[in-house]
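Working notes, structure below.
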Amino acid sequence: MATATQSLDQDTFEALGAELGYDVKVVSPEDEDRELLESFDIDLEAEELEDLENMAPRPPVVTVMGHVDHGKTKLLDAIRHTDVVDTEFGGITQHIGAYQVKVDHEGRKRPITFIDTPGHEAFTAMRARGAQVTDIAILVVAADDGVMPQTVEAINHAQAADVPIVVAVNKIDKDGANPDKIRSQLTEYGLVAEEYGGDVMFVDISAKQRKGIHELLEAVLLTADAALTLEANPTTDARGVAIEANLDKGRGAVATMLVQRGTLRVGDSLVVGSSHGRVRAMFDDTGKDVSEAGPSTPVAVLGLTSVPRAGDSFLVAPDDRTARQIADKREAAERQALLAKRRKRVSLEDFDKVLAEGEVDTLNLVIKGDVSGAVEALEDSLLRIDVGDEVALRIIHRGVGAITQNDVNLATVDNAVIIGFNVRPAERVAELADAEGVEIKYYNVIYSAIDDIEAALKGMLKPVYEEVALGSAEIRQVFRSGKFGNIAGSIVRSGTIRRGAKARLVRDGVVVADNLEIASLRREKDDVTEVREGYECGITLGYKDIAEGDVIETWEMREKARD
Ligand code: GDP
């Protein structure tokens with residue numbers, strides 16, 4: 001049995017379809033989107049064929065990857081400074097998520113585009129959406145440290161994406177730097193240096209002293225020329241990928257687009273994932289206004305009505321109305337997909353079992369962050385936390401910008417915790433959350449958020465309880481009372497005795513009755529809720545066989561923190 005709102009897997013659907021005489025075809029989200037666009041007379045396949053006749057070379061797009069602290073940020077900095085000839089703009093660069101430099105190569109100036117959000121998360125999150133933006137990966141390995149776990153991870157990501165690698169052996173200025181060791185270490189991962197008879201270019205650099213940077217850039221161009229045909233049709237409507245987006249107080253949604261085909265122009269109607277709008281203005285990584293951007297060019301775009309996600313693909317629509325309709329349809333599809341994802345942990349195979357045992361427990365989250373890349377990365381990592389089947393994690397909503405009333409409302413309905421990554425609540429929202437009992441947690445480091453949530457999930461795995469003694473009393477005299485049963489005239493020997501507390505009766509060091517409760521508690525003639533050490537009181541336990549000299553012990557079960 002499955003309920004009408006339950007998600008089923010593909011095999012079940014196919015079996016069910018066959019049974020009912022239908023041929024069930026499962027389409028990928030990409031296919032579905034393609035059909036959506038076709039219904040608006042946008043035929044991507046036909047466009048690709050048309051492109052073939054108008055191809056022109058385009059610059060390579062490069063991502064820098066490598067282990068933490070091996071110098072990715074420093075290298076991106078150094079590369080950017082090789083090209084600060086544009087001093088007419090004051091040399092002020094803006095972080096828009098990508099930049100372009102021009103390299104003197106064999107007498108020509110050739111541009112290279114760099115994605116400057118280092119790290120594998122961005123790379124993987126984009127790829128998970130089917131957005132392949134990177135042509136070449138620079139793998140940074142510190143010569144004084146060698147191959148580390150994230151170095152291997154980076155190699156795996158690049159190889160899975162079929163992206164050629166150029167190795168930058170960094171920090172060669174340091175004592176103890178051993179560039180040759182790096183070369184031999186990396187042969188184990190299939191990266192064989194040219195000087196060892198392989199086809200991977202290794203370049204020794206010092207990002208700090210800005211040495212070897214030009215050679216590295218040349219190696220990128222040589223690798224691109226040897227391994228790839230980088231072409232695109234610049235003479236048509238633009239398509240590409242959003243690589244970063246955020247909400248700017250003054251300017252609204254600002255999204256950096258990497259154009260992959262065609263030319264993007266101010267005034268174009270645009271659909272980006274489920275966002276839409278019209279290009280009001282564009283600027284490049286030097287902050288300069290630009291009116292058009294061709295293939296492999298990153299530009300920050302103003303004019304979208306909402307903030308897209310990193311990795312969302314964009315396309316230019318014939319008019320604003322079409323753009324809005326496509327965006328709306330996509331949003332509806334996304335909502336559906338999210339609903340299905342919500343139930344991800346409970347599959348048909350174990351649904352009844354888990355339900356019967358009452359073992360399902362869910363931690364619901366709302367994630368808000370300052371840039372979509374971070375939100376993506378966080379969501380991605382969180383969904384990968386593995387704490388077994390007893391606990392599920394559900395991300396019921398995520399987005400870019402301050403924590404709003406709407407977020408709190410959602411959290412209230414679904415009993416969720418709100419995670420704010422580099423964002424704060426909007427005005428009066430913190431009070432609202434407080435009033436509704438919604439917890440908001442703030443982070444500025446992804447890993448601490450992940451650690452906390454992992455701990456929370458582990459805490460939810462069958463809590464461990466321990467007994468904690470609350471107080472004890474000695475019976476001095478027994479009063480018989482028809483109405484209340486026997487009353488123990490007692491003196492509290494330690495702690496406090498509380499009405500309602502669990503109790504046991506101990507006689508000469510032996511427990512004579514367990515599972516009792518302090519049924520009533522009196523001081524003189526008054527009912528009281530608790531009596532402290534040293535005071536006398538009357539206690540009834542709802543248990544008859546009590547005697548002078550017996551000790552009443554009370555305790556409660558408390559949840560124990562997990563190690
Ligand atoms: P990331 O985590 O890979 O982005 O690494 P960073 O670029 O932040 O660099 C980590 C540390 O290594 C910083 O303290 C840098 O100053 C230092 N560093 C980076 N490149 C070099 C280099 O070529 N030589 C030396 N000596 N230090 C470097």
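Quick caveat: nothing in here was measured; it's all calculated off a predicted structure. Residue numbers run from 1 in the order of the sequence given. Atoms within a ligand are numbered from 1 in the order they appear, just like the ligands themselves.
- Of all atoms in ligand 1, listed by their number and element, those nearer than 4.0 Å to a heavy atom of V68 are 2 (O).
- Atoms of ligand 1 lying under 4.0 Å from at least one heavy atom of H67, given by number and element, are 3 (O).
- Under a 4.0 Å N-O distance rule, the pair R239/E48 qualifies as a salt bridge.
- Residue A207 places at least one N or O, backbone or side chain, under 3.5 Å from an N or O of ligand 1.
- Every pair passing salt bridge (Lys or Arg N to Asp or Glu O under 4.0 Å) that includes a residue from residues 185-204 is listed here, sequence neighbours excluded: R183-E195, R183-D204.
- The shortest N or O to N or O distance between K174 and ligand 1 is not below 3.5 Å.
- Salt bridge annotation for E47-R261: present, with a cationic side-chain nitrogen under 4.0 angstrom from a carboxylate oxygen.
- Heavy-atom contacts of D69 reach the following atoms of ligand 1: 1 (P), 2 (O), 3 (O), 5 (O), 10 (C), 12 (O) (cutoff under 4.0 Å).
- For R251, the salt bridge (Lys or Arg N to Asp or Glu O under 4.0 Å) partners at least two apart in sequence or on another chain are D248.
- Look at R110 and D104 and you find no salt bridge, because none of the NZ, NE, NH1 or NH2 atoms lies under 4.0 Å from a carboxylate O.
- Listed by number with element, the atoms of ligand 1 under 4.0 angstrom from any heavy atom of K74 are 7 (O), 15 (C), 16 (O), 19 (C), 20 (N).
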Taking it one step at a time, do N409 and Q405 satisfy side chain to side chain contact (heavy atoms under 4.5 Å, CB included)? CA-CA 6 Å; N409 291 342; Q405 188 168 343; 4.0 Å; yes
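- The distance criterion of under 3.5 Å between nitrogen or oxygen atoms is met by G71 with respect to ligand 1.
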Let's go through V167 and M201 carefully: what are the C-alpha distance in whole Å and the side-chain angles of both, what is the deciding distance for side chain to side chain contact (heavy atoms under 4.5 Å, CB included) to 0.1 Å, and is it a yes or a no? CA-CA 6 Å; V167 181; M201 297 190 72; over 6 Å; no
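- Looking at K208 against ligand 1, both its backbone and its side chain come within 4.0 Å, counting heavy atoms.
- At a heavy-atom cutoff of 4.0 Å, ligand 1 is contacted by the side chain of D173 but not by its backbone.
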